[in-house]
Every structure is written in structure tokens, then in C-alpha cells.
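Okay, so here's the structure we're looking at.
Below, read A as the first sequence line, B as the second, and so on, with proteins coming before strands; counting in each chain starts at 1.
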There are 2 protein chains.
Amino acid sequence: MSDRATLSTVAARAGVSPSTASLAFAGSPRVAPATVERVLRAAGELGYAGPDPIAASLRRGRSGVVGAVIGERLLYAFRDPVAVQMLDGLTEVLGELGVGLLLLAGDGGPAPAQLGRLPLDAAVFATCGLEDDPAFRLLRARRVPLVAVEGPVVAGVPLVDIEDRQGTVELAAHLRELGHRRVAMVTMPLRLDGRRGPVDADRLATGVYRDTRERLLGAREVFADLPAVETASNGIEEGEQAGAALLSGPDRPTAILAQSDLLAAGVLRAAAARGLAVPGDLSVAGFDGADLPWLAPVRLTTVVQPTAEKGRAAGRAVVALLAGEVPPDVVFPVVLRPGTTTGPAPA
Amino acid sequence: MSDRATLSTVAARAGVSPSTASLAFAGSPRVAPATVERVLRAAGELGYAGPDPIAASLRRGRSGVVGAVIGERLLYAFRDPVAVQMLDGLTEVLGELGVGLLLLAGDGGPAPAQLGRLPLDAAVFATCGLEDDPAFRLLRARRVPLVAVEGPVVAGVPLVDIEDRQGTVELAAHLRELGHRRVAMVTMPLRLDGRRGPVDADRLATGVYRDTRERLLGAREVFADLPAVETASNGIEEGEQAGAALLSGPDRPTAILAQSDLLAAGVLRAAAARGLAVPGDLSVAGFDGADLPWLAPVRLTTVVQPTAEKGRAAGRAVVALLAGEVPPDVVFPVVLRPGTTTGPAPA
DNA sequence: CCGCTCCATCGAATCGATTTGACAGGGTAG
DNA sequence: CTACCCTGTCAAATCGATTCGATGGAGCGG
């Protein structure tokens with residue numbers, strides 16, 4: 001049981017210098033095929049499977065690992081098809097580079113302090129438009145190249161964004177045209193503190209999620225004092241709960257805008273529970289254009305965002321950063337997609 | 001714009017040796033508080049955020065990164081609540097260790113060859129009972145400590161498993177007691193080659209997913225020649241398609257066992273599309289005990305497996321491996337949970 | 001037969017930290 | 001006053017590869 005073989009061991013056995021052995025493993029054209037062969041055989045005999053990635057990382061100054069910071073706990077974040085699709089797009093681009101995606105979950109992931117001990121070439125703030133995040137500050141201090149998806153907006157950090165505001169404006173306008181006047185919104189969390197309920201000015205001001213805020217403000221551009229109910233997380237049950245609250249109030253809205261398709265699905269359930277016909281009694285709309293096969297045959301009216309493309313754009317930004325370039329900010333347009341859940345306001 | 005500061009730079013500025021500076025950052029009790037202070041101040045002045053993780057990794061021989069090999073493409077794998085829950089359990093344990101989870105997706109992830117270039121302390125084969133996987137062989141050759149969840153079963157690789165077989169037997173027995181005789185199964189993929197349709201002996205023999213095979217064999221222990229239809233991936237639409245195929249055949253089954261809750265949801269949709277009452281005309285059962293809130297108020301008859309606990313167990317196995325121990329194999333029991341989707345066979 | 005070019009290989013510096021055992025120097029006990 | 005111990009600091013070895021620029025030798029043309 002000898003010591004584990006190293007590149008030098010192998011080189012010695014092959015009768016070449018470590019430099020040559022290294023070149024051989026790297027597949028450099030400058031080394032003769034016969035030599036490569038000899039090195040590989042020596043490696044085989046010694047049970048050497050190739051250069052140690054950590055040592056190579058040190059020398060190269062690159063680890064081949066890119067972090068994806070997920071705000072929430074994995075379990076909740078991945079219930080969200082949008083998050084998953086985004087990450088899929090991200091891996092698509094990074095995978096080609098031979099780079100791995102390291103998941104950094106807000107909860108259950110490495111504690112912020114530990115985060116600095118991980119060998120990251122770059123990090124993407126993925127599902128969190130979170131402003132003033134300790135993880136963000138830590139990585140900045142470490143000079144880890146960063147990409148922000150939907151925020152935070154910080155100078156020097158390339159941003160990949162969508163037209164949250166504009167999209168919601170269009171959606172709201174659509175409902176207005178349909179004759180709706182009593183419209184309410186179910187929002188995603190403004191902060192991750194488990195709070196639910198009506199959103200007042202204070203709460204809005206202290207919110208840290210840009211997308212949540214933007215979508216709310218967009219709707220209010222059309223319906224000036226549209227009431228909003230905040231959920232504690234972006235999930236169906238939360239949507240149902242918030243929907244139920246809105247529907248049981250005195251002035252029942254004729255339309256509910258949910259800030260995500262997942263929340264909208266919950267609102268639909270709340271409506272069904274109350275025996276309300278959609279869109280006869282109540283119109284419901286979402287946001288994201290998520291792929292929710294179980295919703296069929298209902299087609300949710302929603303605002304479609306290019307989720308996977310967002311991930312790919314983030315991936316490309318990472319690639320650019322690693323190449324020493326300064327990637328431009330990107331803002332993707334969104335498109336209103338009317339479905340079967342919105343209709344004329346009841347008389 | 002000087003060179004980036006290193007530990008030595010900082011040490012020099014603080015008027016101590018690099019060794020002391022290192023100890024200071026490591027929080028060693030052997031270094032005087034005043035010295036620590038001095039070092040930290042010097043670091044602050046130089047904009048040094050702490051020791052370089054890669055260099056530290058090399059010296060320590062640990063990178064703090066654990067790989068999670070996902071068989072499929074991220075997008076599909078994460079549609080599966082079971083996979084997500086498993087990973088959540090895994091991060092829960094690894095997070096405490098300050099270790100990050102690196103996602104290695106079969107598709108879109110780093111190509112197998114690149115996989116060897118990533119600095120992994122260990123890897124978990126997460127959602128793939130896949131036998132004879134190139135990634136698996138590669139990592140084994142590299143001597144990366146491995147943990148297998150539901151396979152592959154290889155000597156020296158700790159296994160975290162559930163009683164797939166026994167669970168399906170119980171489920172099938174339940175249906176038999178309800179009087180069902182014409183029972184069919186919708187299976188998960190046996191290989192990832194996009195194939196769909198009836199499972200014959202050949203196909204079963206060349207399958208690489210242990211869980212799929214075991215669940216089928218379990219059902220056949222009760223219903224000897226129970227017909228099975230394979231899906232191309234574990235998703236609702238796939239389940240619907242397979243269900244439709246089974247329901248449109250000549251001898252319509254009175255019960256369909258789906259190998260996962262997701263597939264079962266699809267079968268339910270296929271039944272609904274045909275106007276079949278569940279469980280009046282058709283009983284449907286799943287497997288996993290997944291959390292599918294949108295299925296409410298229907299409660300799927302299923303076999304509950306401790307998904308998150310499986311992830312935690314895998315995490316503990318990794319921890320043990322990293323500590324140089326040899327973790328034992330673990331097999332979790334499963335429990336039949338009758339719901340509202342199974343009932344007596346129609347007369 | 002000489003000089004030049006080109007090709008394959010090698011030397012040596014470097015990446016940035018960790019860690020152990022040794023060593024000053026001051027304090028205490030005998 | 002001496003011997004010893006403890007505390008805080010340091011020197012040096014090590015982790016394992018990568019990467020130029022340099023070098024030796026073979027082949028070629030003149």
C-alpha cells in the first residue's frame with residue numbers, strides 16, 4: 001500500500017519529466033504520441049487517474065466551480081418551476097464549459113461564514129432579488145465575480161432582469177379593458193420573515209425583493225390603490241390562503257392578480273372552494289408562464305417570461321466574467337398570454 | 001493597483017510570520033489576541049478577505065465540495081418532488097459541515113470527462129439507481145468516496161436504499177384484497193433512451209434502474225404476469241400517456257399501479273379524460289408519498305417512503321466517509337398509505 | 001560538412017496556504 | 001540564583017500540479 005501516485009511518480013516511471021507528463025495529460029500537441037502512450041501506461045500501472053483537480057486549480061487559479069445562491073431553502077425554492085427552469089438554463093451554458101454548479105441554499109446550505117471557504121470561480125444570485133444579502137457582501141469582499149438575476153442592483157455586478165413592471169402593467173391593463181375595477185393582488189414575499197397579510201406602505205418600503213415590489217408597483221400603475229396580500233412563500237398553499245382571505249372580505253374583487261403562476265394556482269383553488277366560477281365570477285391571472293401540467297385543461301392567463309433564457313443569459317455573463325470581460329446588463333421582455341382564467345367583469 | 005494581497009503580504013504588514021497570520025485566521029488559541037487584532041487590521045487595510053480557499057484546499061486535501069450526481073437533466077429531475085426532497089435532506093446534513101453541494105446533471109452538466117477535473121471530496125449518486133454509469137466509473141477510478149442512493153450496488157460503496165420491493169408487494173396485495181384481478185403497472189424508465197411502451201422480458205433484463213425493476217418485480221410477486229408500460233421519464237404527461245394506452249386497450253384494467261406519485265397523477269388525468277370514475281371504475285395507486293398539493297382534495301393511495309430521511313442518511317454517510325469511517329448500508333422501510341383513489345374492484 | 005530550423009522534452013519557478021516541531025523569553029518554583 | 005515550564009511566534013517542509021523559456025538533437029538545405 002504505497003503512497004498515492006502523483007504526477008511526478010508517474011513521470012518517473014514513464015522516464016520523463018513531470019512537465020512532460022503534465023503536458024501529456026493535458027493533451028498538448030507538443031508531446032510525441034509515443035510519449036503520451038508511455039505516460040498513460042505508467043499511470044495505468046500506478047492506478048493514477050489524472051492530475052489532482054485541487055492542485056491544478058491552485059496553479060490555474062480556477063476551480064471550475066460556480067456557485068448558485070438560492071435564497072430560500074432548497075425544498076421551497078425548487079417547488080417553484082421558474083427557479084428550476086432558470087437553473088436548467090444556467091447549467092446548460094455552464095455545462096459546456098465543464099463547470100459545475102454549486103448550490104448555496106439560504107437555509108441548510110453552508111453558513112455564510114463557511115461560504116468564504118468554498119473555491120468558487122464566480123457566483124450567480126439566482127432566485128433572490130434580495131437586496132443587502134450577507135452572502136452577497138461576503139462574496140463581494142472576496143472579489144468573487146458575481147452575476148445577479150433580478151437583483152440586487154449593484155454597480156459592477158452584471159444584472160439579468162426581466163420587465164417585471166411593464167409586464168404587470170400590461171396584465172393589469174388587460175383586466176381593466178375587460179371591465180374589472182375591483183382588483184386585488186397576491187404577492188410573493190417582500191422579505192423572508194414568514195409574514196403574511198395585507199401589504200401596507202411600510203412593509204413595501206422595507207421589502208428586499210425587487211421582483212415582488214416591481215410587480216406590485218406595476219399593477220398599481222393601473223389600479224392606483226389596488227390592495228395586496230403578501231404570502232410567506234411562493235407556493236400553492238400560500239396562494240390559496242391569500243386568495244381565501246381576499247375572497248372572504250367584504251368587497252370581493254372581481255379579479256385577482258397573483259404574482260406568480262404558483263400563487264395563481266392557489267387562488268384558483270380558493271375560488272373553487274368557494275364555488276366561484278372562473279372566469280365567470282372571478283378572473284385570475286398569474287405571472288411567469290410556468291409549466292404546470294397539472295393545471296390542464298385550464299389555461300392560466302399570465303405574463304410569460306423567458307425563464308430558461310434568463311438562466312442562459314446568466315450563464316453567458318459568468319462565462320464573460322471568467323474571460324475577464326465586462327458583460328452588459330440584460331433585460332428580457334415579457335409577453336402577456338391570455339388564457340381561460342380571465343374574462344369580462346361580472347355585471 | 002497592486003497585486004492581490006496574499007497571506008504573506010498581510011503577515012509582513014502586520015509584522016508577523018505567515019505561519020502566525022495563518023493561525024490567526026484559523027482562530028487558533030495559541031496566538032495572542034493582540035496579534036490576531038494586528039493581523040486582521042493589516043488584512044483590512046490590504047483588502048484581504050481571508051485565505052484563498054483553493055490554496056487551503058490543496059494543503060488540507062479537502063475542497064469542501066460534495067457532488068450530487070443527478071441522472072437526468074436538471075429540469076426533469078427537479079420536477080420530481082422526491083428528488084428535490086432528497087436533495088433537501090442531503091443539504092441539511094452537509095450544510096452543517098460547511099460543505100457545498102455541487103450539482104452534476106447527466107445532461108447539461110459537465111461532460112463526464114470534465115467531471116474528473118472538479119475538486120470533489122465525495123459524491124452522492126442521488127436520483128439514479130443507475131447501474132454501470134460512466135460517471136460512476138470515472139469517480140471510482142479517481143478514488144472519490146461515493147455514496148449510492150438506491151443503487152448502483154457496488155462493493156465498497158455505501159448504499160442508502162428503501163424497500164422498493166416490499167412496498168410494491170404490499171400495495172399490490174392491498175389491491176388484490178380489494179378484489180382486483182386485472183391490474184397493470186406504469187413504470188418509470190428502465191433506461192434513459194426515451195423509450196415508451198410495454199415492458200417485455202428483454203427490456204426488463206437490460207434495464208439499468210434498480211428501483212424501476214424492483215418495483216415491477218414486487219408487483220409481479222402478487223400479480224404474476226401483470227402487464228407494464230414504461231414511460232420515458234418520471235412526469236405527469238408521461239403518466240397520462242401511459243395511462244391512456246392502458247385504458248384504451250381491450251381488457252381494461254380495474255386498477256393501475258404507477259411507480260411514482262407523479263405518474264399516478266398522470267394516470268388520474270387519463271382516467272378523467274375517459275370519464276372513468278376513480279375509484280369506482282378504476283383504482284389508481286402511486287409510490288413515494290410525494291407532496292403534491294395540487295392533487296387535493298384527492299388523496300392518492302401510495303407507498304410512503306422517508307424521502308428527506310434518505311437524503312439525510314446519504315449526508316451522514318458522506319460525513320462518515322470523510323471522517324475515514326466505513327458507513328453501513330441503510331435500508332429504509334416504507335409504509336402503505338391508502339387514500340381515496342383505490343377501492344373495491346368493480347363488479 | 002556546416003549551420004540553421006524545428007521538434008520534443010526538460011528545469012525551475014510558482015500558485016497560496018497549513019502545520020509541526022523548535023525556540024526565545026519571561027515567569028515561577030525550589 | 002538556577003532550572004524549568006509555559007506561552008506566543010516562527011522557520012521550513014509540504015500539498016501536486018502548470019507553464020514558460022531554454023536546450024539538445026535530429027533533419028534539412030546549401
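Rounded to an integer number of Å, the gap from Leu58(B) CG to dT18(C) P is 11 Å. Atom CZ of Arg117(B) and atom P of dA17(D) are 12 Å apart (whole Å). Distance Arg143(B) CZ to dG16(D) C1': 16 Å, rounded to the nearest Å. In this structure, Arg60(A) atom CZ and dA13(C) atom P are separated by 22 Å, rounded to whole Å. One interatomic measurement links the two molecules: CZ of Arg38(B) to C1' of dT9(D), which rounds to 10 Å at whole-angstrom precision. Rounded to whole angstrom, the span from the CZ atom of Arg62(A) across to the C1' atom of dT19(D) amounts to 16 Å. dT18(C) atom C1' lies 14 Å from atom CD1 of Ile54(A), rounded to whole Å. When rounded to the nearest whole Å, the span between CZ of Arg4(B) and C1' of dT14(C) equals 14 Å.
Taking the six-membered ring where tryptophan is involved, the planes of Phe125(A) and Phe136(A) are perpendicular, since the angle between them exceeds 60° and thus also 30°.
Ion pairing between a basic and an acidic side chain is recognised when a charged N comes within 4.0 Å of a carboxylate O; Asp161(B) and Arg210(B) show such pairing.
Of the candidate nucleotides dA8(C), dT14(C), dT19(C), dA8(C) has the atom nearest to the side chain of Ala32(A). The listed nucleotides are dC10(C), dT18(C), dA17(D); the one nearest the side chain of Val16(A) is dC10(C). Proximity note for Ser19(B) (side chain, C-beta onward) versus dA17(D), dT19(C), dT9(D): the nearest is dT19(C). In the set dC10(C), dT19(C), dT18(C), the nucleotide with an atom closest to the side chain of Leu23(B) is dT19(C). For Ser17(A), the side-chain atoms get nearest to dC10(C) when compared with the rest of dC10(C), dA17(D), dA17(C). Out of dG11(C), dC15(D), dA13(C), the shortest distance to the side chain of Arg59(A) is found at dA13(C). The side chain of Ala55(B) approaches dA17(C) more closely than any other nucleotide in the set dT19(D), dA17(C), dT18(C).
Nucleic acid contact class of Arg30(B) (heavy atoms, under 4.0 Å, all strands): base.
OP1 or OP2 of dT9(D) has at least one side-chain nitrogen or oxygen of Thr35(B) nearer than 4.0 Å. Taking side-chain N and O atoms only, Tyr48(A) has a distance below 4.0 Å to OP1 or OP2 of dA17(D). The side chain of Thr6(A) contributes no N or O atom lying less than 4.0 Å from OP1 or OP2 of dC15(D).
Side-chain contact check for Ser19(B) and Ser22(B): no donor-acceptor pair (N or O, by modelled atom type) lies under 3.5 Å.
Residue Leu159(A) comes nearest to Asp329(A) through the heavy atom pair N-OD1, 3.0 Å, listed as atom of the first residue, atom of the second, then distance.
Heavy atoms from other residues, nucleotides or ligands lying under 6.0 Å from CZ of Arg79(B) number more than 12.
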